[in-house]
There are 2 protein chains.
Amino acid sequence: MLEWLKEPEINFPGQLEHAGFEHGVCVGQIQAKAGLTQSTVSEYLSILQRAGFIEAKRVGQWTYYKRNEGAFEALSKLIQSNL
Amino acid sequence: MLEWLKEPEINFPGQLEHAGFEHGVCVGQIQAKAGLTQSTVSEYLSILQRAGFIEAKRVGQWTYYKRNEGAFEALSKLIQSNL
DNA sequence: CAAATATATCGACTTTTCCCGATATATGGA
DNA sequence: TCCATATATCGGGAAAAGTCGATATATTTG
């Protein structure tokens, strides 16, 4: 999912019918691609959010998730320096 | 354990009575510090070895493990480029 | 070769994680 | 307000990971 969110236009073309990608990708799009249930995907995304890897933005009935690139840089540096 | 192995001299002073650190740290030293059973530590180290994060060197009855720094750099770069 | 020491492997049990269906909550539209 | 849609949360069963004791293997020494 994290890799998918690097290129929303390529990985979630279906979202174009309803919205753009300025706030990220909505849960339903991710669920369809993942092939897991709605509850599983929702929970997974909230875990990634709490971990800081993605950010959520509620717009109407939809919740859009997008990557927080800073978290990946921080993780990369953490591995370099601490591990 | 991976962090401990960054500074063997500091984290495993007990090994000096029997050997140096040129090949790494032996299982018994790591076990004592970890506070887990011998079997658990041995299995854990073999997993880390198969994953490429540490290297094993058998010397007599002892198996010494040391970090494979290249694996950590590679992981850091993988996160930067692929994740 | 027998005993002592160090490590590895095996089987079982416990804990954690994964994933689901059911249900609750939130929003938008008739 | 009532219903449809989207997402979140909850409880439980299945799968995986963690840990142990017992035992096997390897090495050194007497």
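Naming: A, B, ... by sequence-line order, numbering from 1 per chain.
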If you restrict it to nitrogen or oxygen atoms, what contacts under 3.5 Å exist between nucleotides 21-28 of chain D and the protein, and what is each distance?
residue: D/dG21; atom: N7; partner: B/Ser39; partner atom: OG; Å: 3.4
residue: D/dG21; atom: O6; partner: B/Ser39; partner atom: OG; Å: 2.8

Atom pairs and distances, donor-acceptor, side-chain atoms in residues 73-83 of chain B, under 3.5 Å, two or more places apart:
residue: B/Ser76; atom: OG; partner: A/Ser76; partner atom: O; Å: 3.0
residue: B/Ser76; atom: OG; partner: A/Ser76; partner atom: OG; Å: 2.9
residue: B/Ser76; atom: OG; partner: A/Gln80; partner atom: NE2; Å: 3.1
residue: B/Gln80; atom: NE2; partner: A/Ser76; partner atom: OG; Å: 3.0
residue: B/Ser81; atom: OG; partner: B/Lys77; partner atom: O; Å: 2.9

Here the distance between atom P of C/dA8 and atom CG of B/Leu48, to the nearest Å, is 12 Å

Students should find that the hydrophobic cluster of A/Ile47, defined by side-chain heavy atoms under 4.5 Å apart, otherwise consists of none

For A/Ile10, the other hydrophobic cluster members (4.5 Å side-chain criterion, sorted by chain and number) are none

*When we call it a touch if two heavy atoms are under 4.0 Å apart, what does B/Tyr65 touch: a base, just sugar-phosphate, or nothing?*
sugar-phosphate

dist B/Leu16:CG -> B/Phe21:CZ (nearest 0.5 Å) comes out at 4.5 Å

### Task
Classify the side-chain pair B/Ser39/B/Ser42 by whether it contains a donor and acceptor separated by less than 3.5 Å.
no

Report the C-alpha separation of A/Val27 and A/Tyr65 in whole Å, then their side-chain angles, then the decisive distance to 0.1 Å, and conclude whether the side chain to side chain contact (heavy atoms under 4.5 Å, CB included) test is met.
-> CA-CA 7 Å; A/Val27 179; A/Tyr65 287 97; 3.6 Å; yes

Apart from B/Trp62 itself, members of its ILVMFWY cluster (side-chain separation under 4.5 Å) are B/Val59, B/Tyr64

When rounded to whole Å, the CD1 to P distance for the pair B/Ile47 and C/dT7 reads 17 Å

From CD of B/Glu43 across to P of C/dG11 the rounded distance in Å is 12 Å

Residues in residues 20-36 of chain A with a heavy atom under 4.0 Å of DNA chain D, by number, are A/Cys26, A/Val27, A/Gly28

CD of A/Glu69 to CD1 of A/Ile54, rounded to nearest 0.5 Å, is 12.0 Å

